Every structure is written in C-alpha cells, then in structure tokens.
Amino acid sequence: MAVLGVALVVLAGCTSKSSSVASGGSLVIGAEQEPDCMDWIASCSGSSWGFWMANITTMPRAFNIARSGDTYSYKPSSVLTGEPKLVTSPTQTITYSINPKAVWSDGTPITSADFQYTWDQIKNGSDIYDQTGYKDIASVDASDPQTAVVTFEEGTQFASWKGLFGGGYGILPSHILKDQDRAAVMADGYTFSGGPWVIDSWEKGVSIVLKPNQNYWGDKPKLDQVTFKFVADTTSEFQAFKAGEVSAIYPQPQVDAVQQINAGLSGVNKEITANTANVEAMWINNAAAPFDDRAVREAVCYAVDRNAVVKALFGGLGVTEAWNSFDPPVLAPYSDTKAFAGCTKDLAKVSSVLTAAGWAKGADGIWAKDGERLSFTFRTTSGNARRQLTAETLQTQFADAGMSMSIDTQKAGTLFGDLLPAGDFQMALYAQVATTFDPGNCVLFCSTNIPSEANDNSGQNWTRTDIPAADPLLSAVDTELDEAARTKANKESMALLAADFTSIPLDPLPNILLWSDKVVGPISDNGLEGPFWNLHQWGLKK
Amino acid sequence: MTRFILRRIAYSFVVLLVASAVTFIGISIVADPTARLAQNRDPMARARMRQELGLDKPVIQRYGKWLGSAVTGDFGRSWQKKDSVIGILMNAMKYTAWLVIPGFIIAAVLAFAIGTYSAIRQYSAGDYFFTGASFVGISMPQFWFALILIEIFVFTIPSAFGMDPYFRFIGIGDTLGDRFKYLFLPVCVLVVQIVAEWSRYHRASMLDILPSDYIRSAHARGVPKRTVVLKHATKNALVPLIVIMAIDAGLIVGGLVVTEQVFSIPGMGRVFVEALEYGDAPMLTAWVVLTAVAVVLFNLLADIINALLDPRVRLA
C-alpha cells in the first residue's frame with residue numbers, strides 16, 4: 001500500500017510536470033556571442049555559443065555527454081543502436097552500429113557513408129579547426145550502410161575515441177555535401193539537420209532562429225520556434241531579461257552579472273553551478289625567475305588564501321571554495337580533486353620554505369636572495385573586471401607574504417598569441433576550458449610540449465613544466481584505452497604536478513543560467529554540451 | 001567647380017592609400033587572428049591557420065596583395081567571418097543607416113529650431129534652458145544616457161501605468177512598425193547628443209549674423225522679422241552648421257560604437273569593435289577606407305553646398 005502511495009505521488013508529480021508544458025509557442029533567448037561561421041570543422045568555428053545554439057541542436061553525433069546530478073558520462077546517442085564495439089589489438093578498431101530510424105531532415109537515412117565523409121573532410125580538408133584523433137584514423141569502412149568500422153593507424157591509440165564524430169563537430173551528411181564545397185554550404189547556416197531542430201534563419205548580427213525538425217526520429221520539440229537574439233552588452237542583457245524581451249540568458253560570471261543577480265530578479269529561475277568545464281589558475285612560468293626556484297612556487301601555494309579570493313569573486317553566487325586540480329570539475333571522476341588542497345594560506349610556512357631555500361626578508365619587507373627581490377609581474381587579459389579584481393586581491397595577499405607583485409593586463413590575442421607561447425611571463429591568470437569529456441593534460445604539462453623548434457614552437461606547455469616522472473603518466477592518459485588505468489595515470493600525474501607546485505589552480509568559473517518562470521521543462525545546464533542540450537524539451541507554461 | 005572636385009578626389013586617393021596602409025600594417029603588427037587557437041588541443045591548428053591566412057608572408061607583401069585586390073573593388077574575405085568583407089560592411093551599413101538617417105534628420109530640424117530661437121531670444125529663460133540642456137547633452141556619457149532611457153521608457157513609465165513596455169531595445173525589429181519600437185530609444189540617444197552640439201554652433205553662428213549691417217538694413221526697410229531671420233540671416237548662418245553636419249555625417253558612417261553596443265544593433269560600430277578584438281586586418285582596413293571615403297565625400301559635399309549658399313566662396 002505504501003509503495004502504491006509513493007508511486008501515485010511520483011506519477012502525480014510527473015503528470016503535473018508534463019501537463020504544465022504547453023505545446024507550441026515561441027521563445028526568445030539572449031545570446032552573448034554570435035558564431036563566426038557554422039562550418040563546424042573549420043577554423044572559423046570553435047565559438048562556444050555557436051556550438052550551444054546551433055551545433056548541439058542540429059548535428060547528429062555518436063555520443064552525448066549526459067549529466068546525471070553532478071556526474072557526467074559518455075552515452076551512445078540515438079544515432080547508434082548501442083555502445084560501439086571497441087577492439088584494442090592489434091590495431092584500435094571501433095565498430096559503430098547505426099540506428100535504422102536515424103534520418104536526416106530530408107528523410108535520407110544516416111549511414112556509415114556519413115561517418116566516412118566526416119572523417120575524410122577532417123583529416124584531408126583544408127582550414128580544419130582540430131584534427132586530433134581523426135588524423136590517426138587509417139580508414140572508415142562504409143561497405144555496410146548500417147555499420148561504420150573505424151580503424152586507426154598501426155601503433156596509434158586514441159583514448160578519447162568517444163569524442164569522435166561528436167564533440168564540437170558532429171556527423172556531416174555525405175549525400176548533401178559530397179562533391180560540394182562544404183564550407184560554402186555550411187558557413188552561413190545550413191538547411192539540413194540530424195537533430196531535433198533545423199536552422200530556419202541566421203540574420204547576421206541579429207539572431208538565429210530554430211524550428212522543429214519534422215523528420216527527427218526522437219522526441220520532437222515542444223516549442224514551434226526558438227530565437228536566439230544576440231545581445232552584445234551584459235547590462236543590456238539583464239535589462240532585456242528583466243523587461244521580458246528575452247526569456248533566458250546564460251551570462252558570463254562577471255562582476256556586474258553577479259551584482260545584478262544579487263540585486264534580485266523576480267519571476268526568475270536560476271541554476272548556478274561550479275561543476276563546469278573551466279579551470280582558472282595562477283599559471284606559473286617554471287623556467288623564469290623567481291619561479292624557477294621550486295621553493296618560491298611552494299611559497300606561493302602558502303601565500304594565498306584561495307578560498308577568500310573565490311569567495312570575493314563568486315561568494316554572491318554561493319561558490320566559496322577554491323578548485324584543487326588542473327582538471328575541471330566535470331572531469332572529477334578522472335581526477336585527484338584534492339591535489340592542491342594543501343595550498344592554504346600559512347605565512348609561517350612561507351617563511352620556513354623560503355628561509356630554508358636561502359631567501360631572507362629585506363628591510364622593505366620583501367624576500368630577497370643573492371640581491372634579487374622576490375618580485376614578479378602578474379599578467380592577465382585586459383577588459384575583464386573580474387580578473388582585474390582577482391589580480392588586485394592577490395597583489396594584496398602576496399604583499400602580506402613578502403612578495404612584490406605588479407599587474408600587467410594585455411589583450412587576449414597578445415597574451416595567448418605571443419607572450420605565453422614565448423614564455424614572456426612570470427605568472428598569469430587565465431582559464432583552460434575542456435571541450436570533451438576526456439582527461440588529458442599532456443598538452444599542457446608534458447616536457448615534449450614546451451614550445452621549441454622540435455615542436456615547431458606550437459607546444460602549449462607554456463608553464464615550461466618539466467617533470468620527468470610525470471611525462472609517461474601524462475602521455476598514458478592520452479593513449480590508454482583501459483578507463484581504470486587511464487584514471488589512475490591521470491590521478492598520479494596530478495599528484496606529481498601538485499608536488500612540484502607547477503602552477504596553482506584557483507577557481508572553476510561558475511556557470512549561470514537564468515530563465516523566466518514562464519519557461520518550463522527539465523531545464524539544466526550541461527557543463528560540456530551547454531544549457532540548450534535539451535532545448536527540445538523546453539516549453540511555455542500552460 | 002569641376003576642377004575643384006577632380007582635385008579633391010585626387011587628393012583623397014592619397015589619403016585613402018595612407019589610411020589603408022597604416023591600418024593594415026598597424027593591425028597586422030599588433031594583432032594575431034590565430035591567437036585564439038593557441039589553446040586548441042591540436043597543436044598544429046594555429047600553424048595551419050597562419051598558412052591559410054598567408055601570415056607566414058611579410059606584412060608588406062600581404063598589404064600589396066590586399067591593395068591589388070582592393071583597387072578592383074575586391075576587399076577580400078574577413079579572417080574572422082570567412083565572408084566577403086564588402087558584403088559584411090554593406091549589411092552593417094544598412095543597420096547603421098536605420099539609426100543614423102532618422103537621427104540626423106530629427107537632429108538637424110531640432111538644432112536649427114533651438115539654435116535660431118536661442119539666438120533671437122538671447123539671454124531669455126528659454127535660451128538659458130537650452131544652453132544648460134545642451135551642456136548636459138554634450139557632457140553626458142552615451143552608455144549611461146542609453147541605460148537611463150531604457151530604465152525610464154521600458155520600466156518606470158510602463159509599470160507606473162500597469163502596462164507592458166512598448167519600446168524594445170535589443171536589435172532592430174523586422175517590420176516598419178517594429179523598427180519604430182526598436183529604434184526610438186537609440187535614435188533618442190543620437191539626437192540628444194548631436195542636437196546639443198549642433199544647436200550651439202547654430203546659435204553662435206546666428207549671433208554673428210544678426211548684428212550685421214545687411215540684417216539691420218533689412219529691418220530698417222521694414223522687412224518682416226520672420227523673413228529677416230528665416231531668409232536673410234539663416235542662409236548665411238547655415239554655412240558653418242552644414243560644414244559641421246557634413247563632418248559628423250562622414251564620421252558617423254563608421255557607426256556609433258557605444259549606442260550600437262548598448263542596443264545590440266549590428267551596425268558599422270559593432271563590426272569595427274569585433275574586427276578590432278579579433279585582429280581582422282582586411283575587415284578593419286576596408287572599414288577605415290570606407291569611413292575615410294565617407295569623410296572625404298561629405299566634406300566635398302559641404303564645400304559645394306557652402307559655395308552654393310555663399311557666392312563669396314569660390315571653388316577653384
């Protein structure tokens with residue numbers, strides 16, 4: 001009887017929820033950025049907003065990154081009949097079985113030819129955004145339209161294989177694009193779709209309009225139309241939201257956004273999550289004085305009250321604790337999320353570590369060694385009030401610890417394009433953003449990726465981290481196909497990075513999703529697929 | 001007149017050449033459009049894009065190539081949008097025109113009326129009011145004024161009457177009726193700013209003209225005051241105002257950066273900001289050339305109108 005009662009309550013709850021969503025209607029959402037193009041595999045793609053608005057809603061993919069509570073996992077999408085078959089020896093082979101119900105918006109079935117075409121374009125096309133993984137594939141067998149067999153080159157293993165034919169790309173329609181100029185067909189928006197929505201229009205600078213894909217084989221959208229309106233200014237964005245001109249926004253966690261939320265917004269639902277794909281850190285140049293001295297890096301770890309900094313920045317959003325790993329929160333299952341938990345403010349430890357390394361405090365209260373003061377320049381991006389505030393807070397804390405820090409802001413293009421790759425920095429504040437649900441820090445910390453002539457100066461180990469014991473572990477994370485072994489290698493490498501104080505993670509840059517209470521449905525932010533991953537389930541309140 | 005126009009056009013080519021060279025080379029030196037790929041997990045992505053954009057070649061060579069195409073009317077493709085530069089600029093110009101043309105017409109009429117009134121009623125209460133208001137208008141930051149207008153027209157007034165807001169402020173609308181709803185507030189921002197400036201010029205100009213001998217003679221001959229002011233005085237007083245209007249018109253073709261940003265109007269100002277942030281040299285260079293052409297043309301137009309209004313001016 002009790003079980004029946006509980007079941008009825010649950011059923012009543014579900015019925016009430018589903019019946020409260022109206023069928024039809026249209027919705028306007030504020031979008032902070034406009035994509036540069038919709039040719040998702042080209043170098044002009046890569047815009048997060050473009051991916052959230054138009055890619056995830058229209059492009060079929062092999063895997064989705066599903067969120068369940070606070071955990072994420074790869075799940076085979078409805079394009080597939082189930083989990084692909086992975087063979088690891090003698091060469092890595094993946095066999096995808098395609099759902100016969102999966103069709104493009106013109107009714108043509110999605111087939112292995114589409115997998116083959118997508119791979120061929122990414123591997124052999126020009127002006128491609130990211131060839132990682134695809135360039136190691138030797139062939140895609142499309143002899144059976146319902147089965148795509150992907151075979152890697154001999155001697156290569158790609159651990160992040162679940163991100164292939166998905167991620168920021170998706171699967172391209174061979175029957176439409178073959179023998180066409182793909183970029184020309186897709187760049188300004190395309191008419192095909194393998195997702196719940198089709199792109200109805202893209203008026204540059206103004207809006208993107210989505211309408212339901214009538215041939216979608218899964219759950220059809222509840223709304224008749226969704227318009228993403230581009231709003232360039234954060235203050236206007238909040239005004240437009242308050243005025244009802246847009247019904248949902250996904251603002252960056254800037255100071256003014258936090259202030260607006262704390263000022264109170266009526267008739268509004270919100271989801272603020274620190275479980276994001278971002279890690280903002282104090283990135284340290286391990287090859288530049290004074291941080292080429294491990295003791296100084298360790299002293300930095302104890303000089304800063306990172307929780308206080310995070311609280312000052314995001315306390316208003318309920319985020320009060322510093323992040324303790326270089327893996328972002330969404331990758332927590334793979335990561336040692338306590339690796340940097342020992343980095344708490346302790347000025348006695350700063351003193352003992354530096355004294356033991358031969359540093360002594362000068363008359364000006366700043367540590368010095370061999371006549372060199374412990375002073376450094378802290379670089380970050382200009383025009384970002386939150387980062388400016390972070391820098392000023394850290395400057396005060398470092399001063400308390402006897403370290404002299406000056407702040408230098410640079411345009412993002414200069415910082416990421418020139419200064420960091422050239423090693424022209426001592427400490428810098430910026431974020432790394434994960435784009436796939438795969439760990440992998442070799443690109444950031446393997447010694448082979450320190451920019452050099454050997455890697456054509458394209459290596460991204462800008463911190464010049466060089467820990468011989470960590471290199472094989474970091475490499476294993478990229479190639480190990482056994483999930484347990486891969487996780488173990490990632491955790492062990494994180495512990496080594498923490499032990500060497502290569503850099504110090506700071507915060508997870510929380511995500512903010514706000515929507516009017518007139519909008520209903522299972523609305524939630526997906527740290528990797530964005531807030532509109534289930535837009536087809538959104539609707540208007542009855 | 002024809003010689004004058006031809007000579008001015010010839011001079012303008014030199015101006016455009018220098019402006020385009022400075023912009024292209026300057027942007028190429030300080031900005032790197034491939035920088036955003038620096039954190040891409042594919043380490044070769046940036047190198048591929050550099051090659052694709054021809055950034056592996058010397059900047060002078062790149063400028064020469066751009067110039068060679070530009071003289072044929074082909075301003076190339078935007079590095080950011082991968083689309084025709086001229087197409088993007090024409091599209092943006094369309095939106096800017098929706099904002100600027102009504103703004104200019106309304107501002108010209110108001111500036112003329114206020115300037116004339118303030119001059120003939122010098123030191124009256126009305127003159128003091130318009131003088132004070134114009135100083136406020138000139139010194140008010142545009143973004144602040146825009147937000148205040150939004151607060152008043154979208155929130156305060158409608159909520160006082162228990163109504164839904166009529167005016168909109170994100171975008172530009174689809175139909176003509178929509179355009180009024182969307183453009184009312186940004187046009188107000190533009191009008192207040194330029195009326196404040198132009199009305200001061202026109203007032204000063206009228207105050208120079210009104211004590212002139214020929215105006216006194218007209219009064220002495222019994223010409224009605226309205227005719228003296230609107231016909232005899234205005235004709236000469238308009239000359240400096242038209243010059244200022246022409247210069248402003250040329251500059252405004254480049255867009256109203258702040259107003260377009262606050263009201264999310266995808267006009268020339270927004271194009272400029274986005275291209276600058278990205279380091280899109282072909283787009284920025286074309287933008288500068290287009291704006292420079294507008295400034296040169298409007299100045300030329302001002303000179304011609306000036307000559308027509310004032311026969312003492314000779315164009316030789």
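In what follows, every chain begins at residue 1, and chains take the letters A, B, ... in the order their sequences are listed. Remember, predicted model here, so these are calculated numbers, not experimental data. In what follows, every heavy atom counts, from backbone to side chain, and hydrogens, waters and symmetry copies are set aside.
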Worksheet item: Tell me, side chain or backbone of Asp188(A) under 4.5 Å from chain B's heavy atoms, or both, or neither?
Response: side chain

Worksheet entry | Pick from Cys44(A), Gly413(A), Gly459(A), Ala42(A) with the largest number of heavy-atom pairs that fall under 4.5 Å of chain B | Cys44(A)

Worksheet item: Looking at Glu203(A), Gln432(A), Gln131(A), Lys411(A), which one has more heavy-atom pairs under 4.5 Å with chain B than the rest?
Response: Gln131(A)

Fill in: Contact winner vs chain B - Ala243(A), Gly46(A), Pro35(A), Ala412(A), heavy-atom pairs under 4.5 Å
Ala243(A)

Discussion item. I need the Lys204(A) NZ to Asn91(B) CG distance, nearest 0.5 Å.
Written reply: 8.5 Å

Fill in: Partner set under side-chain contact (heavy atoms from CB on, under 4.5 Å) for Ala292(B), not counting sequence neighbours
Leu16(B)

Response to the item:
Of the listed Phe230(A), Tyr129(A), Tyr430(A), Trp462(A), the one with the largest count of heavy-atom pairs under 4.5 Å with chain B is Tyr129(A)

Fill in: Largest heavy-atom contact set with chain A, pairs under 4.5 Å, which of Leu37(B), Ile172(B), Val273(B), Asn40(B)
Asn40(B)

Fill in: Heavy atoms of other groups near Asp181(A) CG, more than 12 under 6.0 Å
yes

Worksheet item: Taking atom CZ of Phe416(A) and atom CZ of Arg36(B), what is their separation to the nearest 0.5 Å?
Response: 13.5 Å

Worksheet entry | Under 4.5 Å from a heavy atom of chain B, the part of Ser43(A) involved | both

Worksheet item: CD/Gln460(A) to CD/Gln39(B) distance, rounded to the nearest 0.5 angstrom?
Response: 7.5 Å

Discussion item. Under 4.5 Å from any heavy atom of chain B, what part of Ser45(A) do you find: side chain, backbone, both or neither?
Written reply: backbone

Worksheet, complete the sentence: Heavy-atom closest pair (Thr414(A) atom, Val30(B) atom, distance to 0.1 Å) is OG1-O, 4.0 Å

Worksheet item: Residues of residues 78-85 of chain B under 4.5 Å from chain A (heavy atom pairs)?
Response: Gln80(B), Lys81(B), Lys82(B), Asp83(B)

Item to complete: Identify which part of Phe169(B) has an atom lying under 4.5 Å from any heavy atom of chain A, answering side chain, backbone, both or neither.
Response: both

Item to complete: For the pair Arg48(B) (side chain) and Ile128(A) (backbone), establish whether a donor and an acceptor sit closer than 3.5 Å, ignoring hydrogens and angles.
Response: yes

Practice prompt. Sort Thr436(A) into side chain, backbone, both or neither according to what part of it lies under 4.5 angstrom from a heavy atom of chain B.
Written response: side chain

Worksheet, complete the sentence: Turns out that what part of Lys135(A) lies under 4.5 Å from chain B's heavy atoms comes down to neither

Worksheet, complete the sentence: If one checks every heavy atom of Leu147(B) against chain A at 4.5 Å, the contacting part turns out to be both

Worksheet entry | Contact winner vs chain A - Arg46(B), Met49(B), Glu260(B), heavy-atom pairs under 4.5 Å | Arg46(B)

Worksheet item: Counting only N and O atoms by type, is there a donor-acceptor contact under 3.5 Å from the side chain of Asp233(A) to the main-chain atoms of Gln261(B)?
Response: no

Response to the item:
If one checks every heavy atom of Val271(B) against chain A at 4.5 Å, the contacting part turns out to be neither

Worksheet item: Which bit of Val443(A) is near chain B, if near means a heavy-atom gap under 4.5 Å: side chain, backbone, both or neither?
Response: side chain

Discussion item. Is it the case that the side chain of Ser236(A) and the backbone of Val262(B) share a donor-acceptor pair, with hydrogens and angles ignored and the cut-off at 3.5 Å?
Written reply: yes

Item to complete: Might you confirm whether atom CD of Gln51(B) has over 12 heavy atoms from other residues, nucleotides or ligands at distances under 6.0 Å?
Response: no

Discussion item. With a 4.5 angstrom heavy-atom cut-off, is it the side chain or the backbone of Ala434(A) that approaches chain B, or both, or neither?
Written reply: neither

Worksheet item: Hey, what do you get for CD1 (Ile170(B)) to CD (Gln239(A)), rounding to the nearest 0.5 Å?
Response: 9.0 Å

Discussion item. With a 4.5 angstrom heavy-atom cut-off, is it the side chain or the backbone of Phe143(B) that approaches chain A, or both, or neither?
Written reply: neither

Fill in: Closest contact, heavy atoms only, Gly417(A) versus Ala35(B)
CA-CB, 3.6 Å

Worksheet entry | Heavy-atom pairs under 4.5 Å with chain B, option from Pro421(A), Gly205(A), Cys37(A) with the top count | Gly205(A)

